[in-house]
Structure formats: C-alpha cells, structure tokens
Amino acid sequence: MYNFTLSIPTKLHFGKGQAAMLGKDIAAYTNRVLMVYGGGSVKRNGAYDDVCATLKENGIEWVELGGIASNPKIESVYEGIKLCRENDLGGIVAVGGGSSIDCAKAIAGNVHFEGDAWDAIMKGRPQTDKILPVFAVLTLAATGSEMNRNAVISNMELNIKTAFCDDVLIPVSAVMDPTYSYSVPAYYTAAGVVDIMSHTFENYFSRETDGYAHDRMAEGALIACIQQGPVAVNDPTNYAARAAMMYVSPWVINGITRAGKSCGWSCHPIEHELSAYYDVCHGAGLAVVTPSWMRHILSDATVDKFVEYGVNVWKIDANLDKYEIANTAIDKTEEFFRSIGMPTTLRELGIDNKDLFDEMAGNLANSLGNAYVAMGKDDVLAILEAAF
Ligand code: NZQ
Ligand code: ZN
C-alpha cells in the first residue's frame, strides 16, 4: 500500500427533512445560485419544494436549469455556463441523481474558464483555479457523486463519455434524505445497487494485496447491497433499505476504499464505451459487463482474490476447491443482478448486433494496461463477445 493523504470535506446532512440545513451552507458562499435538476422527478418527490424553501428562507436567489438527461450531455454544460455568466451566479445546487450532480460539477469547473468547456473536460480536470462551489441534494443512491471529485460527461456527436475530476469539484455539502428516493423506479434502484457494487469491485480487485482494512470495508459494503438492495427494489418506501443504499453509495467511491492503491478500473471504462455509443443506463451496463469481466480474468493469478470474495461476501464454504468457490461467487454475482431485474447480456440491454464491438474495444486498446489484470483490445472484445 502506498502513502496517501485523503480529504473528504463534504458536509453531510443525512435523514428526513435535512434539506432545511442546506440554505445556511450556501449562504456562507453566495446569495445567487444555479439550481440544476433532471427530467422532473424532483418536482414529484418533494426535493425541489424543500430546496426552494431553504433557499428562500436564507435569502438566496436562484436561476433554474432543468432537463438534465441521464448520462449528462455537454450541451447542458454549455447551457449552465451561459446561465451562470449571464446571471452572475456564485454557486450551483444540484438536485437529483448522479447526472444532475455531475453536470453541476462540470459547469462549476468551467464558468470561469475562457476556453471551450469540452476541451477542459477532455483534459480530464479543470483548466482554471476559479471554481464555483457545488451543493448536492441526492435523490438516487448510485454514483457517490454527492461526495466525490468526479463528473462524467457525454458527447454523443463524438461518441465519447469521459470523466472530469478534481478535488475542487467535491461538493461543499450534500443532503441525503432517503425519502426522496422512495419514488425511484425499481429499474433505476437496481441499477444504483449494481453501480455501488461495481465501484466497490473496482477497488477491491486491486494489484495491492495488503489493503486489509480497505477490503473488509468493501466486503461490508457489498453485503449491505446484497441484503438491502433487493428490499429497496421490492419495497420502495422502506426507509431503512433506502437509507442503507444512500449511506453506502459515497463511501465506496470517495477514496476510502481506494486510497493507497494504484491500479486502474476495469468495468467502468468498458461500460462508458457502451453508454457513449448506445446511451445505456450506467448501472445496467455494468450488470452486463461485470460477470463477463470476472470470468475473463479468473486465473491462477487472481483466483485467491475471488476466493476471498466468495467466502467473505457470499459465505461459500472455504473448504471447497478454489476454482469452485471462485466460479460460484461469479455465478452468484450474476444471479443477484438478475434477481433484482438487471440485464446480464448485451442483447437484453438493447444491443442486438456486434457492429461496434471492434470500434469500442479499439478505443480502449491502450487505456487498460494498469487495470487489475492488464487488458488490451482483444480482452475487451472477448468480454463483449461473452456478454452478447
Ligand atoms: O431526470 P429525472 O426526472 O430526475 O429522473 C431520473 C433519471 O431518469 C431518475 N430519478 C432520479 N431520482 C429519482 C428518479 N426518479 C424518481 N424518483 C427519484 N427520486 O432516475 C434516472 C437516472 O438518474 P441519473 O441521475 O441519470 O442516475 P445515476 O445517479 O445513476 O447517474 C448516472 C450518471 O452518473 C455517471 C454515470 O456514468 C451516468 O452518466 N457516473 C458518475 C460517477 C461519479 N460522478 O463519480 C461515477 C459513476 O461510475 C458513473 O460513471
Ligand atoms: Zn459507476
């Protein structure tokens, strides 16, 4: 494990009614904000009204940017930058899932950048030191964006979905009121569970083998998803299950289970290719890619890690043959995804031909060398073929 410095500065307001705390946090920075939200769910689940109330109570004026699409597009980022400049806004409050929060971060990182925001996004991090503060009101447990440094933005004209990351983009404060997520449809709830599990896997399956504390935390997060995820899917107004999913989501992607580890992620880059070409739901794409990736990389070099996963998370008998444990753990992962209504093949995801496999795999030809098991174009092709 490498030395590390970890800072997670987001102030978290967790629980029913906690949006009332937000206005005071914002007022410490500005009295004029951009409110960013998606297709309208926030107006039906109470989040929008609660945010308006706390803004009013604290004398904060706002301008709205609604209609942020899932897999947020660069066009919305441009629109938000324009609104911030025209209205001299000093902060951004995102209300919604990861897409609204990511869009808010990409706007925040580019309002004071004089160049083209897409160029800055392609460079991977803000190209200016002047960043607007971001505040997040979460309505869907999945990405952990409410407490992390990432924004993932898509450019459908170029078929690129890419990450824009920096500590300066970490939200100042985040509201997590589990009751806002009561209205998340079963499909998106399940996709969120898979996303949280995938973030956990990406750091758990790591070349460093001495992250004992990291790995026990990761296993706890996976167990919480496996036990409470289905409850949230089947009983959407179950407060404890919704709270469990909301509370676990940021901790597996805010640095805690990754700090001190060096290796790159495997399934997310492949899913981002699927999203960039087919605009698929992120968590559903991960449900398809993950079991296929696991089977592809299982070998003498990785089997012990799969045994650890199978025994500690799925409680498989540790006395069985190593490969039996590993394969059972992978099968159980796939069965779990299916049991909560997720697709596990590309065809179920709506991708019914292999026309773009070569192009998508080619895009990743040189970027997965640092993954848990280094991969090239042929590996990605094999994973896509097996997932078809
Ligand atoms: O648009 P609205 O009306 O809000 O509907 C959304 C959307 O249709 C709906 N929804 C959200 N909260 C709801 C609700 N519907 C009813 N009630 C509620 N309370 O759910 C749908 C999906 O929302 P979205 O924000 O797109 O989902 P998610 O949070 O999964 O975000 C996905 C995006 O985040 C990126 C993904 O790639 C994708 O672009 N990611 C961001 C990461 C990060 N910032 O660290 C990491 C992730 O790995 C991921 O890449
Ligand atoms: Zn993800």
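Worth knowing before you read on, the calculation uses all heavy atoms, side chains too, and leaves out hydrogens, waters and symmetry mates. In each ligand, atom 1 is the first atom listed, and ligand 1 is the first ligand listed. Note that the coordinates shown come from a computational prediction; the quantities given were computed from them, not determined experimentally.
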Quick one: look at [X] and ligand 1, take heavy-atom pairs under 4.0 Å, and tell me if it's side chain, backbone, both or neither.
| X | answer |
| --- | --- |
| Asn150 | both |
| His199 | side chain |
| Tyr180 | backbone |
| Ser70 | both |
| Asp102 | side chain |
| Asn71 | both |
| Ile253 | side chain |

Taking the N/O/S atoms of His282 one by one, which is nearest to the Zn ion (ligand 2)?
NE2
Presence of salt bridge, [Y] and [X], under 4.0 angstrom:
| X | Y | result |
| --- | --- | --- |
| Arg295 | Glu334 | yes |
| Glu308 | Arg216 | yes |
| Glu271 | Lys161 | yes |
| Asp235 | Arg242 | no |

Short list, please: which atoms of ligand 1 are under 4.0 Å from a heavy atom of [X]?
| X | result |
| --- | --- |
| Pro185 | 15 (N), 16 (C) |
| His268 | 48 (O) |
| Pro72 | 39 (O) |

Give the ring-plane orientation class for Phe14 versus Tyr247, where under 30° counts as parallel, over 60° as perpendicular and anything between as tilted.
perpendicular
Can you classify the ring geometry of Phe4 versus His214 as parallel (below 30°), tilted (30 to 60°) or perpendicular (above 60°)?
perpendicular
Quick check on [X] - does any of its heavy atoms sit under 4.0 Å from an atom of ligand 1?
| X | result |
| --- | --- |
| Val42 | no |
| His272 | yes |
| Gly283 | no |
| Lys161 | yes |

Would you check if the Zn ion (ligand 2) lies under 2.8 Å from any N, O or S atom of Asp195?
yes
Is the Lys NZ or Arg CZ of Lys354 less than 6.0 Å from the centre of Phe388's six-membered ring, within 45° of the axis?
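Judged by the rule (NZ or CZ under 6.0 Å from the ring centre, within 45° of its axis), Lys354 counts as positioned above Phe388.
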